[in-house]
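A short write-up of the structure that comes next.
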Amino acid sequence: SLKLFISLPSLRTKAFAIGALSLFFLIGCKKTESVVERWPNGAEKVVEIRSKSGELLQRQERHFNYLRRSQVNYKNGLPHGEYNSWRSDGTPEWSGRMVEGMREGEWTLWLNTLGDKLQQGSYRHGLQDGEWRAWHPGGGMREISHWCEGVLCGAVESWDRDGNLLTRSNCWSSDSIRFFQRFHREGKMILEYECRGSTKTGRWSRWDYTGNLVEERLYRNDSLNGATRTWYTSGNLRSLFSFEDNRRAGLQLLLTPQGDTLMSCLLEQGTGRCRRLCSPKRNWICADSSWKEGKLHGEVISWNLSHRRT
């Protein structure tokens, strides 16, 4: 008890000193909060917290229903430190870290307050970098992509809610050739094409759900160039149309499922006449069209099966 009595004054002294120091700190670092912008209903939209000297320390955004929208600290006039945002219903949205005004490190897009994620990945100097993952609201994987300084640089794969692979693509930079593939639920490929960035180039192929090739095109600089072919489900050729810079030029061929010719014409530099037959055996003409520079030119004449002009 004697030791306790002796120690009490020292404890009181320490507590007083700490309280005085805290009071001095609060007085010396007084902060001011001001409303910068309001919603039409009068609710606070943007609130800034500044130091006594006027330096911006924190910026808060709020929804029209008074709930917080985002919050981030500032340093030297730039967002710096932990960043958080919320939806209008109060559930968390994005969380991450800002460094000198740019996103840095791991960022997460949240679904709810239970810790379920919608998207997660890393930033480096404000650019997406490394592996990014996205989930369906139910929790299944939706997409995995790979980034290098803001540019897709590896495999990108996506799945449906049941876990079936939907698409697969590879790209190395926005200026390099990218391969895109789309799959049916059973895992069979139904579409494949090459592109350079967002521009189609090279071969474009499409299959039906049973795996039969039904269409094939050739692109150059996002324009049709070369032969465009289609097939019947039996595998027999259905049509062959030649293109130059998105315009018809060269051989134009249309066949029946049995291989009989319905139309065959040659457009020299996109100019010429094409006639389509109704019945290859009777040599009845269904349509007669003229072409100039790869486009329809003049009147298109057609007849019905009774060989009457329509």
Flag yes if Y219 and L191 sit in one hydrophobic cluster, no otherwise; membership is Ile, Leu, Val, Met, Phe, Trp, Tyr, and two members link when side-chain heavy atoms are under 4.5 Å apart.
-> yes
Salt bridge (Lys or Arg N to Asp or Glu O under 4.0 Å) pairs touching residues 93-112, sequence neighbours excluded, are none
Say whether, by atom type as modelled, one donor and one acceptor occur between the side chain of R87 and the main chain of P92 under 3.5 angstrom.
-> yes
CH2 on W204 to OG1 on T228, rounded to 0.5 Å = 9.5 Å
Determine, step by step, whether M102 and Y123 satisfy the side chain to side chain contact (heavy atoms under 4.5 Å, CB included) criterion, reporting the C-alpha distance in whole Å, the side-chain angles of both residues, the deciding distance to 0.1 Å, and the verdict.
-> CA-CA 9 Å; M102 294 185 291; Y123 282 90; over 6 Å; no
Report, as yes or no, whether the 6.0 Å neighbourhood of atom CZ on R50 holds more than 12 heavy atoms from other residues, nucleotides or ligands.
-> yes
Donor-acceptor pair between T113 and T91 side chains, under 3.5 angstrom | no
Mark yes or no for whether H136, through its side chain, and G163, through its backbone, hold a donor-acceptor pair below 3.5 Å.
-> no
D222 versus T201: any side-chain heavy-atom pair under 4.5 Å?
-> no
Reported CG-to-CD distance for the pair L224 and E244, which is rounded to 0.5 angstrom = 12.0 Å
Hey, does S70 have a side-chain heavy atom less than 4.5 Å from the side chain of Y83?
-> yes
How is the hydrophobic cluster of W159 composed, in terms of its other members, when Ile, Leu, Val, Met, Phe, Trp and Tyr link through side-chain heavy atoms under 4.5 Å apart, directly or indirectly?
-> W135, M141, I144, L165, F183, M189, W207, L213, W231, L237, L240, L251, L253, L255, L266
Check: V72 main-chain N/O paired with N84 side-chain donor or acceptor under 3.5 Å = no
Just do the side chain to side chain contact (heavy atoms under 4.5 Å, CB included) check on M263 and F241 with the steps written out, would you?
-> CA-CA 11 Å; M263 183 183 73; F241 298 130; 3.7 Å; yes
Answer yes or no: is there a donor N or O on one side and an acceptor on the other, between the side chain of D162 and the main chain of N164, under 3.5 Å?
-> no
So, the side chain of N236 versus the backbone of P257: is there a donor-acceptor pair under 3.5 Å, distance only?
-> yes
Test L127 against D129 for side chain to side chain contact (heavy atoms under 4.5 Å, CB included), laying out the working first.
-> CA-CA 6 Å; L127 300 174; D129 197 74; 5.9 Å; no
Validation row: T210, N212 side chains within 4.5 angstrom (heavy atoms) | yes
Is the side chain of W94 donor-acceptor paired with the backbone N or O of W110 at a distance under 3.5 Å, no angle test?
-> no
Quick one: name the residues clustered hydrophobically with V36, using the 4.5 Å side-chain heavy-atom rule over I, L, V, M, F, W, Y, and just say none if it's on its own.
-> V46
Any side-chain heavy atom of Q252 sitting closer than 4.5 Å to one from L267?
-> yes
Do the non-hydrogen side-chain atoms of R238 and T256 ever get within less than 4.5 Å of each other?
-> no
Does Y66 offer a backbone N or O that forms a donor-acceptor pair with the side chain of R62 under 3.5 Å?
-> no
So do the side chains of R59 and Y74 get within less than 4.5 Å of each other, counting heavy atoms only?
-> yes
Any chance you could lay out the side chain to side chain contact (heavy atoms under 4.5 Å, CB included) test for W86 and Q71, step after step, and finish with the verdict?
-> CA-CA 9 Å; W86 297 265; Q71 178 176 305; 4.1 Å; yes
Would you say the side chain of R124 lies within less than 4.5 Å of the side chain of W147, judging by non-hydrogen atoms?
-> no
Might you work through the salt bridge (charged side-chain N to carboxylate O under 4.0 Å, His left out) test for R217 and E215, ending with a clear yes or no?
-> CA-CA 7 Å; R217 309 174 188 171; E215 187 176 6; 2.9 Å; yes
Are L118 and L166 connected in the hydrophobic side-chain network, where two residues link if heavy atoms are under 4.5 Å apart?
-> no
Value rounded to 0.5 Å, distance of NZ in K75 from CD in Q58 | 15.5 Å
CZ of R203 to CG of L218, rounded to nearest 0.5 Å, is 5.5 Å
Rounded to the nearest 0.5 angstrom, the CG-CG distance for D89 and N65 is 9.0 Å
Verify the neighbour count for atom CD of E55: are there more than 12 heavy atoms of other residues, nucleotides or ligands below 6.0 Å?
-> yes
Return yes if a side-chain donor-acceptor contact under 3.5 Å exists between S95 and T108, otherwise no.
-> no
Determine whether W291 and C274 make a side-chain contact, defined as any pair of heavy atoms from C-beta on separated by less than 4.5 Å.
-> yes
Are the charged groups of E33 and K31 less than 4.0 angstrom apart, N to O?
-> no
Look up atom NE2 in H80 and atom CE in M98, then write down how far apart they are to the nearest 0.5 Å.
-> 10.5 Å
